[in-house]
Every structure is written in structure tokens, then in C-alpha cells.
Amino acid sequence: MNGAAKGAIVGGVFLAMVGGTAYGVYSLVADEGAGGGDAKGSMSAGGPAAGEKASGPVTEKETAETARAFLAAWAAGDDRAAAALTNNTQAAQSAVADYRSAAYVSKAVITPGTADGTTVPFKVEAEVSYQGATKPLVYDSRLTVVRGATTGKPLVDWQPSVIHPQLQRDERLRAGTPASPPVKAVDRHGKELTAELYPSLGPVLEALRTTYGQKTGGTPGVELWVEPATPDAPKRTLVTLVEGKPGQIETVLDADVQAAAEKAVAAHAEASVVAVQPSTGDILAVANHRRDGFNAAMQGKRAPGSTMKIVTAAMLLEKGLVAADRPAACPATASWDGKVFRNQDGFSSQGQPFSNSFARSCNTAFISLIDDVKDNGALPSVAREAFGIGLDWKTGVPSQDGTVPRTSGPAAAAEYIGQGAVQMNPLNIASITATARTGVFHQPVLVKASLDGRTLATASRRLAPGVSAQLVQMMRQTATAGTAAGAMSSVHGSDKGAKTGSAEVDGAAAPDSWFTGFSGDVAAAAMVEGGGHGADAAGPIVARVLNS
């Protein structure tokens with residue numbers, strides 16, 4: 001190397017040289033509490049006088065010196081020195097030590113970028129070597145310098161993502177021969193599904209490998225991967241040093257629908273979508289566009305807002321308290337157990353049928369009927385018995401099957417409109433729409449049960465006669481003349497229905513955007529965290545998937 005970035009070998013590891021000056025390890029002094037907490041170390045120059053505790057914001061000089069010292073110690077493989085410059089010595093020392101001993105990083109050039117306040121970006125150019133196989137490992141990460149709460153010293157705020165941006169809490173980097181061989185996943189038509197072609201399928205493909213890799217006849221290679229915090233979560237491969245022999249696994253995904261889903265979620269940050277086939281429960285597509293790589297489409301747990309009104313309406317219809325064509329009051333406000341609920345923009349209507357309240361997403365039309373229901377367990381019961389929520393779905397990969405707990409007081413009222421303790425993800429809401437469409441719950445699957453003989457969840461009953469038809473009628477009205485009309489106007493054909501939702505989340509600047517719809521034998525649901533009204537962000541995602 002030459003010019004502004006040269007390298008010096010220290011302990012078998014390359015240290016970065018920036019501006020012609022090599023990083024060295026600063027003189028470090030052990031600080032109290034070195035087992036964790038605010039831990040630390042001190043630099044021999046640039047800090048306060050001995051015995052004096054610094055205070056106030058971390059300075060530019062402290063940020064630069066702390067970052068340089070930490071990165072130099074890390075690059076040199078000095079886990080104790082690096083850890084002493086963080087506010088969690090125990091976790092940091094283990095991670096830095098693992099970088100060489102468990103991730104088998106044999107060389108590393110770590111180059112800092114320009115600080116943004118107290119945050120310093122840096123680039124890692126490394127090599128992973130295991131049993132004679134070597135591959136490059138190149139990525140960008142960042143660290144933030146904070147002032148130690150008990151010592152006042154500038155310290156790296158320890159996060160696993162400092163070591164690698166894909167690392168989350170309690171996760172580790174590991175290299176070697178994984179227990180599960182690779183798999184070649186194909187869609188329902190035999191087309192190969194790869195993370196390169198369908199980026200958001202990465203977690204799903206890793207989960208398929210973890211579950212089915214040993215059952216498909218493949219042989220493992222050599223890899224660097226992220227070891228998950230929990231044993232049932234899939235490993236995430238970062239680098240393949242030696243290719244293994246994959247076994248083939250058939251999914252029920254549809255590559256064309258998946259491609260549309262990938263493009264649809266790419267338009268919004270923190271977006272997720274799932275498409276299912278109502279007649280079978282087959283999952284046709286699952287896509288996420290998230291910074292954390294989490295499969296929120298299938299594993300998320302967030303309040304679904306007014307998309308939950310599909311279930312609430314089913315319960316009210318079954319009890320005979322409403323009918324799609326019967327007038328229902330929609331006042332501007334409604335109270336339950338001391339809590340006041342309002343409609344968006346304060347609208348109200350009188351003398352209109354319940355289908356109008358559903359299509360316009362009138363909160364009060366649902367809340368005001370709680371006294372007539374006379375049973376706080378009615379909503380959880382219909383969610384479980386008819387819609388299959390909470391029945392331990394076995395989709396073929398890790399998934400959450402929704403929660404509608406029995407509550408009381410204002411929390412029970414909030415559940416009627418998809419707030420409070422209700423927890424859903426796009427898979428759950430797509431399935432709810434599919435059940436409304438057909439009248440019977442089909443447990444969603446990504447891999448056919450016949451592949452491994454697993455037992456699928458079955459609901460204890462169908463929707464009551466006539467309820468499915470009324471739900472479909474009201475969803476059609478919502479798609480043509482209600483809150484979903486704008487988004488659904490681009491969906492081809494006349495056989496279509498939808499429901500919008502906006503879910504307020506504590507501390508969030510904007511509500512989550514939810515949208516679900518059907519067209520023919522496809523149902524889809526999307527969620528965009530902080531996306532606002534359901535029709536604004538999630539709606540176009542669902543429309544694009546339905547059109548595929």
C-alpha cells in the first residue's frame with residue numbers, strides 16, 4: 001500500500017495508516033468496574049488532570065482520540081485495551097477476542113472517516129481464513145463516543161454493531177463448517193429463489209436452511225456467519241469461503257409475485273408485505289425493506305390499527321348487532337370506561353348503513369357497541385376460533401401467529417379498533433383477509449406440510465353463514481368508495497376489496513401505516529412503520545403486489 005493509506009503489521013494484523021501516520025495503541029490505565037457497566041480506560045494525553053472527573057458534552061478532540069485508540073487496539077487484536085475504551089468492557093472484550101479466535105479474521109485494515117459530532121464512521125477491509133480457505137470481508141460501520149457516567153471519561157458506547165453492522169444484541173460472528181448444509185430454494189414453478197435476485201428473502205432462505213438443510217441431502221461448506229442470540233433463529237451467512245453442495249427445497253412462493261413485492265417495499269423504509277392465496281393458505285410472497293434485516297412481515301408484533309376491524313365486524317355480525325345494510329350510528333366521539341375515542345378528523349354520520357362505517361373506518365361505530373356485546377372475551381374468541389389467530393402456526397419458517405388477549409376496560413375497547421394489546425404482522429392480516437374472503441381459515445404455509453409431516457393449525461369453526469359475504473361486500477365498498485379507494489383504483493379487475501389502518505405507537509412521531517386487500521384468489525397485507533395513514537404508504541405496496 002502507498003500514499004495516504006499505508007499498512008504496518010502489528011501482531012500479525014494490519015493497522016491502518018491515514019495521512020501517513022500509523023495508529024498506535026495509547027497508554028491505557030485500568031478503570032474501576034472493569035467487568036462491565038461504564039468501564040474503561042484512559043488516554044495518556046488530552047484528558048483531565050489526574051483525579052479530576054470530566055463533565056459536559058464529549059469534545060471533538062476526545063471523540064477523535066477515543067475512536068483512534070479503540071480502532072487501533074481492535075485492529076491489533078488487543079481485546080483488553082479495546083474493551084477498556086468502551087462503556088461495557090465485558091461484552092466488548094468478548095466480541096473483539098471472538099473477531100480473531102471465532103470469526104478467524106486474520107488481517108484487518110480499519111480506516112476511520114470524518115466524524116459527525118460524536119459519531120465516527122469507519123471502514124473495515126479484512127480477510128477471513130479457515131483451514132486454508134481465505135476470502136475478503138469488507139464493510140462499513142460506525143461508533144459513538146459518550147462520557148462515562150461514573151468516570152467522566154470519553155468511551156465508545158458499546159453496541160454489537162460496532163464490530164459488524166449486522167450484529168444485534170447477544171449475537172456473535174462465527175466461522176467454520178455450519179451444521180446445516182446450504183439449500184437451493186425454488187418457487188412453486190421450479191424457479192430458483194436467491195438472496196441476490198430477491199434481497200429481502202435472505203432471512204427466509206436462511207431459516208429454510210436451518211430447518212431443512214439436513215433433510216435435503218446437501219453437504220456444508222465453510223462460511224462466516226452471524227450466530228443468532230436464540231437457538232431457534234436462523235444463522236445469517238456473511239461470507240462463503242468454500243461452497244457446499246446444496247439440497248433442493250420446494251416452496252409455495254411465486255417468483256413473479258415475490259419480485260413485485262420486493263419492488264413495492266423498496267419505496268418505503270421499514271416496510272413489509274405478505275401475499276397469500278385464500279383458497280389454500282399458500283404464501284405467495286414475503287418481502288421486507290428494513291435497516292435491521294428483521295423479517296417483520298412474518299415475525300413482527302405491532303398493533304394493526306383498523307385492519308383489525310375485519311375481525312371486530314365479523315364478531316358484531318355473528319352476534320346480530322350489525323348488518324352491512326342496516327343503519328349504524330357513527331358519532332364523532334364515543335366513551336368507554338372513562339376513555340374517549342374519536343374518529344379521524346372528527347367526522348360523524350347518522351342514518352348510514354354499517355357498511356359505510358366500515359368503509360370510512362368509523363371508530364365510534366365499533367366502540368359504541370361494546371355494551372351490547374356484554375363479553376370482553378368475544379373478540380379474542382372469534383379471532384381464535386374462526387380466524388386462527390394464536391393457534392401456533394407452523395409455516396415452515398419462524399413466524400408469529402398474532403395475539404388478541406382478553407382484556408377489560410379501555411384496553412378492551414382499544415382492541416376493537418386494532419390498538420392496545422392486539423399484536424399482528426402482515427402475514428396475520430393477510431390471513432385474516434383470506435379468511436374473510438372464503439369464510440374458512442387455511443393456515444398459511446411457505447413450505448408444504450407434506451415435506452416434513454408437520455401438523456398445521458386448524459380453526460375450530462367456519463365464520464357463521466352470511467358473515468363472509470357481508471365482510472367481502474364491505475371490503476369491496478371500502479376499495480371503491482371508502483378509505484382504500486385511492487390505492488385500490490390501480491388494481492386491475494372488479495373483484496377486489498380492502499381495508500385501511502393507522503396504528504398509533506407510543507413515542508412514535510407518526511402512526512404505522514397498514515393496508516390489506518384482495519383481488520381474485522390473492523390477499524395481501526402491508527405495514528410501514530411510521531408511514532402514516534394506511535392508504536398513503538402501505539396501500540400502494542398492496543396494490544402493486546395484487547397487480548402482479
Nearest 0.5 angstrom please: [X] [atom1] to [Y] [atom2], how far?
| X | Y | atom1 | atom2 | result |
| --- | --- | --- | --- | --- |
| Ile429 | Met424 | CD1 | CE | 5.0 Å |
| Arg174 | Leu238 | CZ | CG | 12.5 Å |
| Trp514 | Asn425 | CH2 | CG | 6.5 Å |
| Ile310 | Met315 | CD1 | CE | 14.0 Å |
| Gln423 | Glu415 | CD | CD | 10.0 Å |
| Thr435 | Arg462 | OG1 | CZ | 10.5 Å |

Between the side chain of [X] and the main-chain N/O of [Y], is any donor-acceptor distance below 3.5 Å?
| X | Y | answer |
| --- | --- | --- |
| Gln443 | Lys394 | yes |
| Gln214 | Ala179 | yes |
| Asp512 | Gly530 | yes |
| Glu270 | Arg291 | yes |
| Asp187 | Ala255 | yes |
| Ser490 | Ala487 | yes |
| Arg544 | Ala261 | no |
| Thr438 | Ala434 | yes |
| Asp292 | Phe294 | yes |
| Ser513 | His533 | yes |

Beyond-backbone contact of [X] with [Y], side-chain heavy atoms, under 4.5 angstrom:
| X | Y | answer |
| --- | --- | --- |
| Phe387 | Ser431 | no |
| Asp140 | Pro165 | no |
| Val276 | Leu284 | no |
| Val128 | Leu241 | yes |
| Glu262 | Leu197 | no |
| Val186 | Ile249 | no |
| Leu173 | His164 | yes |

So, for [X] and [Y], which heavy atoms are closest and what is the spacing to 0.1 Å?
| X | Y | answer |
| --- | --- | --- |
| Gly409 | Asp337 | CA-OD2, 3.2 Å |
| Met298 | Thr395 | CE-OG1, 3.7 Å |
| Ser272 | Ala296 | OG-CB, 3.6 Å |
| Val397 | Val204 | CG1-O, 4.1 Å |
| His492 | Asn547 | N-OD1, 2.9 Å |
| Pro181 | Lys245 | CB-O, 4.5 Å |

Verdict with supporting geometry, Val440 and Leu463, side chain to side chain contact (heavy atoms under 4.5 Å, CB included)
CA-CA 6 Å; Val440 60; Leu463 286 170; over 6 Å; no

If we check ring-ring contact (aromatic ring centres under 6.0 Å, His included) with Phe366, which of these qualifies: Tyr416, Phe341, Phe354?
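Of the listed options, the one satisfying the test is Phe354.
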
Would you sort out whether Glu171 and Arg236 count as a salt bridge (Lys or Arg N to Asp or Glu O under 4.0 Å), showing the intermediate values?
CA-CA 11 Å; Glu171 293 185 332; Arg236 304 194 298 279; 2.8 Å; yes

Do [X] and [Y] sit within salt-bridge range, that is, some charged N less than 4.0 Å from a carboxylate O?
| X | Y | answer |
| --- | --- | --- |
| Glu250 | Lys448 | no |
| Asp495 | Arg476 | yes |
| Lys374 | Asp372 | no |
| Asp521 | Arg437 | no |

Apply the test salt bridge (Lys or Arg N to Asp or Glu O under 4.0 Å) to residues Arg290 and Glu529: give CA-CA distance (whole Å), side-chain angles for both, the deciding distance (0.1 Å), then the verdict.
CA-CA 10 Å; Arg290 297 176 58 89; Glu529 292 184 20; 2.7 Å; yes

Among pairs that include at least one residue of residues 375-389, which meet side chain to side chain donor-acceptor pair (under 3.5 Å), considering only residues two or more places apart or in two chains?
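As it turns out, the side chain to side chain donor-acceptor pair (under 3.5 Å) pairs with a partner in residues 375-389, which skip direct neighbours, are Glu385-Arg461.
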
Phe358 six-ring centre to Lys309 NZ/CZ under 6.0 Å and within 45° of normal:
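No; the conditions do not both hold, so Lys309 does not lie above the ring face of Phe358.
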
Step through the shown structure and confirm whether more than 12 heavy atoms of other residues, nucleotides or ligands are within 6.0 Å of NZ on Lys263.
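Atom NZ in Lys263 is not crowded, with 12 or fewer foreign heavy atoms closer than 6.0 Å.
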
For Glu504, does the CD atom sit with more than 12 other heavy atoms under 6.0 Å from it, leaving out its own atoms?
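For Glu504, atom CD is not crowded (no more than 12 foreign heavy atoms under 6.0 Å).
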
Is the Tyr104 ring parallel, tilted or perpendicular to the Tyr130 ring (thresholds 30°, 60°)?
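Tyr104 and Tyr130: perpendicular rings.
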
Could you walk me through whether Thr433 and Thr516 satisfy the side chain to side chain donor-acceptor pair (under 3.5 Å) test, starting with their C-alpha distance in whole Å, then the side-chain angles of each, then the deciding distance to 0.1 Å, before giving a yes or no?
CA-CA 7 Å; Thr433 296; Thr516 186; 2.6 Å; yes

According to disulfide bond (SG atoms under 2.5 Å apart), does anything in residues 179-297 pair up with another residue at least two apart or in another chain? List the pairs.
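Not a single pair qualifies under disulfide bond (SG atoms under 2.5 Å apart).
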
Quick one, Gln258 with Ser200, criterion side chain to side chain contact (heavy atoms under 4.5 Å, CB included). Give me CA distance, side-chain angles, the key distance, then yes/no.
CA-CA 10 Å; Gln258 181 64 36; Ser200 74; 4.0 Å; yes

Candidate pair Thr403 and Lys301, rule side chain to side chain contact (heavy atoms under 4.5 Å, CB included), full reasoning
CA-CA 8 Å; Thr403 303; Lys301 294 187 291 185; 5.6 Å; no

Hydrogens and angles aside, do Lys499 and Ser361 bring a side-chain donor and acceptor to less than 3.5 Å of each other?
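Yes, Ser361 and Lys499 have a side-chain donor paired with an acceptor closer than 3.5 Å.
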
Does the ring center of Phe441 lie less than 6.0 Å from the ring center of Trp393?
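Yes, the ring centres sit under 6.0 Å apart.
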
Test Gln277 against Thr280 for side chain to side chain donor-acceptor pair (under 3.5 Å), laying out the working first.
CA-CA 6 Å; Gln277 188 174 40; Thr280 62; 2.8 Å; yes

Can Leu201 and Leu253 be said to form a side chain to side chain contact (heavy atoms under 4.5 Å, CB included), step by step?
CA-CA 11 Å; Leu201 276 184; Leu253 295 169; 4.1 Å; yes

